[in-house]
Colleague: 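Let me begin by handing over the structure; questions about it come next.
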Amino acid sequence: MKKLQISALLAVLAFSPFYANVFPGETVSIVRTIADAIKWKSESIDVGNIPQGKAKIIRFEFTNTSSKPIVIENVAPSCGCTTADYTKTPILPGKKGFVEASYNAAAAGAFMKTVNVTTSESKTPKTLSFKGVVVS
């Protein structure tokens with residue numbers, strides 16, 4: 001049993017220098033750069049009370065804070081009750097773009113919906129959310 005423990009300890013020590021170099025310290029700055037490429041005016045919007053049976057358009061605006069153009073590659077609403085529109089052309093550095101969600105307020109009651117946005121800067125979708133109450 002002691003031989004197994006000593007072997008396991010030696011294996012950990014032998015491979016620790018290898019694993020120490022797998023994730024260089026620069027990854028933090030890379031993640032920060034991607035996060036800073038788009039500055040959203042708001043990532044979550046409370047639309048308050050909206051009348052039943054009328055569509056509500058929620059507009060999320062952003063600014064390209066990077067040094068190169070950004071393209072919105074995909075916008076995916078969380079359910080069939082929501083459709084989306086967005087800036088289709090490349091957003092140049094310093095310029096603004098948008099993502100719009102159109103919510104079909106068919107059912108009365110509180111709701112919370114999301115829209116996932118994928119851009120050329122990050123393949124990890126950014127989740128935008130909106131909530132409110134449909135009143136009859």
Side-chain angles (χ1 to χ4, degrees):
M1 184 68 171
K2 282 193 172 200
K3 286 183 182 180
L4 179 62
Q5 290 175 341
I6 292 172
S7 297
L9 180 61
L10 289 174
V12 169
L13 292 174
F15 286 107
S16 61
F18 169 76
Y19 287 116
N21 292 324
V22 169
F23 298 110
E26 299 169 10
T27 56
V28 174
S29 63
I30 292 169
V31 170
R32 189 174 297 121
T33 301
I34 290 171
D36 293 341
I38 291 179
K39 174 71 175 150
W40 292 93
K41 184 175 179 181
S42 178
E43 296 176 19
S44 179
I45 297 175
D46 186 344
V47 298
N49 293 336
I50 58 174
Q52 186 174 10
K54 293 193 177 184
K56 175 70 176 177
I57 296 176
I58 300 92
R59 186 176 179 101
F60 297 92
E61 295 179 343
F62 66 90
T63 303
N64 177 354
T65 57
S66 74
S67 60
K68 59 184 180 180
I70 293 176
V71 176
I72 297 176
E73 295 179 347
N74 189 37
V75 176
S78 60
C79 71
C81 61
T82 305
T83 58
D85 191 19
Y86 56 93
T87 305
K88 306 282 193 299
T89 58
I91 300 96
L92 299 175
K95 299 299 181 182
K96 296 184 181 296
F98 71 90
V99 172
E100 283 183 349
S102 179
Y103 176 65
N104 177 6
F111 65 90
M112 182 172 159
K113 303 296 177 186
T114 60
V115 178
N116 289 320
V117 180
T118 307
T119 67
S120 57
E121 275 303 301
S122 174
K123 300 306 178 203
T124 302
K126 177 67 172 174
T127 301
L128 307 172
S129 64
F130 61 96
K131 66 180 181 176
V133 178
V134 176
V135 293
S136 52

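For the single chain, residues carry numbers from 1 onward in sequence order. Worth saying up front: this structure is predicted, and the values here are computed from it rather than measured.
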Colleague: List the atom of E73, the atom of S120, and the distance in Å for their closest heavy-atom pair.
Modeller: OE2-CA, 3.4 Å
Colleague: Taking all non-hydrogen atoms of both residues, which atom of P69 and which atom of L92 are closest, and how far apart?
Modeller: CG-CD2, 3.9 Å
Colleague: Rounded to the nearest 0.5 Å, what separates atom NZ in K56 from atom CG in N49?
Modeller: 10.5 Å
Colleague: Please list all pairs meeting ring-ring contact (aromatic ring centres under 6.0 Å, His included) that have one or both residues in residues 43-63, counting only residues at least two apart or in different chains.
Modeller: W40-F62
Colleague: Any chance you could measure D46, atom CG, to I58, atom CD1, to the nearest 0.5 Å?
Modeller: 10.5 Å
Colleague: Quick one: which of T127, L128, T82 gives a side-chain contact (heavy atoms from CB on, under 4.5 Å) with T114?
Modeller: T127
Colleague: If I take atom CD from residue E61 and atom NZ from residue K39, how far apart are they, to the nearest 0.5 angstrom?
Modeller: 13.5 Å
Colleague: Tell me the closest heavy-atom pair linking P93 and S66, and the distance in Å.
Modeller: CB-O, 3.3 Å
Colleague: How far does CD1 of I72 sit from CD1 of I38, to the nearest 0.5 angstrom?
Modeller: 7.0 Å
Colleague: Return the minimal non-hydrogen interatomic distance between A84 and V75, and the atom names on each side.
Modeller: CB-CG1, 3.4 Å
Colleague: Which residue in the set K96, K95, K41 passes side-chain hydrogen bond (donor to acceptor under 3.5 Å, both in side chains) when paired with T63?
Modeller: K96
Colleague: For a quick test of reading the model, state the closest non-hydrogen atom pair linking P125 to N116 and the distance between them.
Modeller: CB-CB, 3.9 Å
Colleague: Roughly how far, to the nearest 0.5 Å, is NZ of K113 from CG of N104?
Modeller: 10.5 Å
Colleague: Starting from the C-alpha separation in whole Å, work towards a yes-or-no answer on side-chain contact (heavy atoms from CB on, under 4.5 Å) for T119 and Y86.
Modeller: CA-CA 11 Å; T119 67; Y86 56 93; over 6 Å; no
Colleague: Given S129, which partner from the list S42, S44, S78 fulfils the side-chain hydrogen bond (donor to acceptor under 3.5 Å, both in side chains) test?
Modeller: S44
Colleague: Please check: side-chain N/O of Q52 versus main-chain N/O of A106, any donor-acceptor pairing under 3.5 Å?
Modeller: yes
Colleague: Please give me the minimum heavy-atom distance between N64 and I91, naming the atom from each residue.
Modeller: ND2-O, 2.8 Å
Colleague: Just verifying a value: how many Å separate E121 CD and I70 CD1, rounded to the nearest 0.5 Å?
Modeller: 4.5 Å
